[in-house]
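Owing to the predicted nature of the structure, the values given are computational and were not obtained by experimental measurement. Atom set for the values below is all heavy atoms of this structure, side chains included, hydrogens, waters and symmetry mates excluded. Order of appearance sets the numbers: ligands from 1, and atoms from 1 within every ligand.
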Amino acid sequence: MSVMQLRAKKVVVAIFVAVTFLSEAPSAFSQKISPVAARREQVQAVVREAYDKFRSDTSGKNADYIPYLAQVDSKLFGVAVVTTDNQTFSLGDIDYSFSIQSISKVFTAALAMEELGVDKVFQRIGNEPTGRAFNSVNAVVDMPTHTGNPLVNAGAIATTSLISGQNANEKWNKILNFYGKVAGEKLSLIDEVYKSEAATNAGNKALSMLLAKYDRIYADPFESVDIYTKQCSVGVNVVQLARMGATIANNGINPKTGEQVIKREDVPYILSVMMMAGLYDGSGGWAWHVGLPAKSGVGGGIVAIAPGKGAIAVFGPRLDEAGNSVKAQKVIEYVARKLDYNLFSPASFGLKAGVGQ
Ligand code: GLN
């Protein structure tokens, strides 16, 4: 080989290496950075727009069947987006701790999946929407599974009864610690909410006894209701709630701590549960208008998940007839539309026009 030939060969190798590096670099890079992060300014602007647009909305009213919730200042309003690469965008009353209420049901279902596997959770609880109010007695009687799904009260109390432990305290602490890991911060009980709800939860006790009649509760019924009442009384602020959602969006890895707190393979099941029943008898309308798995609580919070991208959480205590925060629904719908996030939209998966266009 002449010197010239050797030099030419070196150049070819150098070009090949450079091209390989360049063509691989962007894909390796884009795996680490979520599409939300790539449009940081846009997310920030959209969250601000939504916040300003719905800030003075006064429709709906606080839950009043739990006395504590009736007294919460209905003007409180907070919005947070946490991305899978741990960026946070937040506005408003972001330090206020509200009770997580029914949003807890998602995370107890996730813990049950961790402990028992998804098949057992499906057999023992189910995943059919009830089309009834979240605390419906009729749904328990009418549904073939009786439990319905993990996100209505009956199914949620039965899901709580699946969590193992030597005694009630051990079960409760396990649930609370798990929520904390999902949030990436220690969480605690709001004692006043717990006391207020425990004094007025005859309806949930009745549901638990009805489940016992059908053999669809898996521990002592009243003990399970008590643990369930505690889990609903856990305090979160809107950023912590968005991070809990972002952990699911991030395949079960908490974006702040980097810890795999939910098994990756459980995530699609958790999202399917949220899609079917996250907003109770408002879930069909929500799927139609927004198309993101979400969960509401009568405390006024809603968290919605854009898989692989992040989560948005909104807190506003005024609720609609189904028990879902009105402001939170409006803000999430606005943000999701502007950012093109919808589980049923090909654009959400990167197809901006039809193939061939
Ligand atoms: N703790 C509330 C209850 O059991 C939760 C209901 C909700 O948030 N929809 O009634």
Side-chain angles (χ1 to χ4, degrees), residues 60-72 97-109 129-140 147-161 172 175-176 179 187 189-211 217 221-236 238 241 244 273-274 276-283 286 294-304 313-329:
K61 66 181 203 34
N62 283 34
D64 55 7
Y65 73 101
I66 298 170
Y68 179 97
L69 297 180
Q71 291 157 24
V72 170
S97 274
F98 51 94
S99 55
I100 190 168
Q101 294 297 343
S102 277
I103 307 169
S104 68
K105 295 166 177 172
V106 171
F107 301 99
T108 300
T130 65
R132 305 277 180 90
F134 62 81
N135 50 8
S136 170
V137 171
N138 291 350
V140 179
T147 37
N149 63 66
L151 303 184
V152 289
N153 286 15
I157 295 164
T159 305
T160 301
S161 80
W172 156 239
I175 291 171
L176 182 64
Y179 291 4
L187 299 177
L189 182 84
I190 307 178
D191 205 46
E192 279 179 90
V193 176
Y194 168 63
K195 290 206 176 98
S196 178
E197 187 161 346
T200 52
N201 65 354
N204 285 336
K205 287 184 183 147
L207 290 175
S208 75
M209 289 312 288
L210 197 53
L211 289 170
I217 189 155
F222 284 5
E223 175 193 285
S224 304
V225 171
D226 189 52
I227 299 171
Y228 162 85
T229 307
K230 283 187 175 141
Q231 75 176 48
C232 289
S233 309
V234 168
V236 284
V238 81
L241 183 59
M244 292 178 94
V273 161
M274 295 174 83
M276 286 298 115
L279 272 73
Y280 316 112
D281 40 332
S283 299
W286 179 257
K295 184 71 203 88
S296 61
V298 289
I302 299 186
V303 61
V314 183
F315 168 61
R318 292 197 178 96
L319 311 179
D320 67 10
E321 289 293 305
N324 302 315
S325 164
V326 179
K327 256 186 187 151
Q329 290 179 80

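Remark: Ala156 pairs with Lys105, Tyr228 by the side chain to side chain contact (heavy atoms under 4.5 Å, CB included) rule, at least two apart or across chains. Applying the side chain to side chain contact (heavy atoms under 4.5 Å, CB included) criterion to Ala313, with sequence neighbours excluded, gives Val238, Leu241, Ala242, Val303. Here Ala322 pairs with Asp281, Asp320, Asn324 under the side chain to side chain contact (heavy atoms under 4.5 Å, CB included) rule; sequence neighbours left out.
Annotation: ligand 1 has protein neighbours Tyr65, Gln101, Ser102, Phe134, Asn153, Glu197, Asn204, Tyr228, Cys232, Tyr280, Gly297, Val298, each with a heavy atom less than 4.0 angstrom from the ligand.
Residue Ile100 holds its CD1 atom at 8.5 Å from SG of Cys232, rounded to the nearest 0.5 Å.
Inspection of the Tyr179 and Thr108 side chains reveals an N or O donor paired with an N or O acceptor under 3.5 Å. Tyr194 and Asp226 form a side-chain donor-acceptor contact under 3.5 Å, judged by distance and modelled atom types alone.
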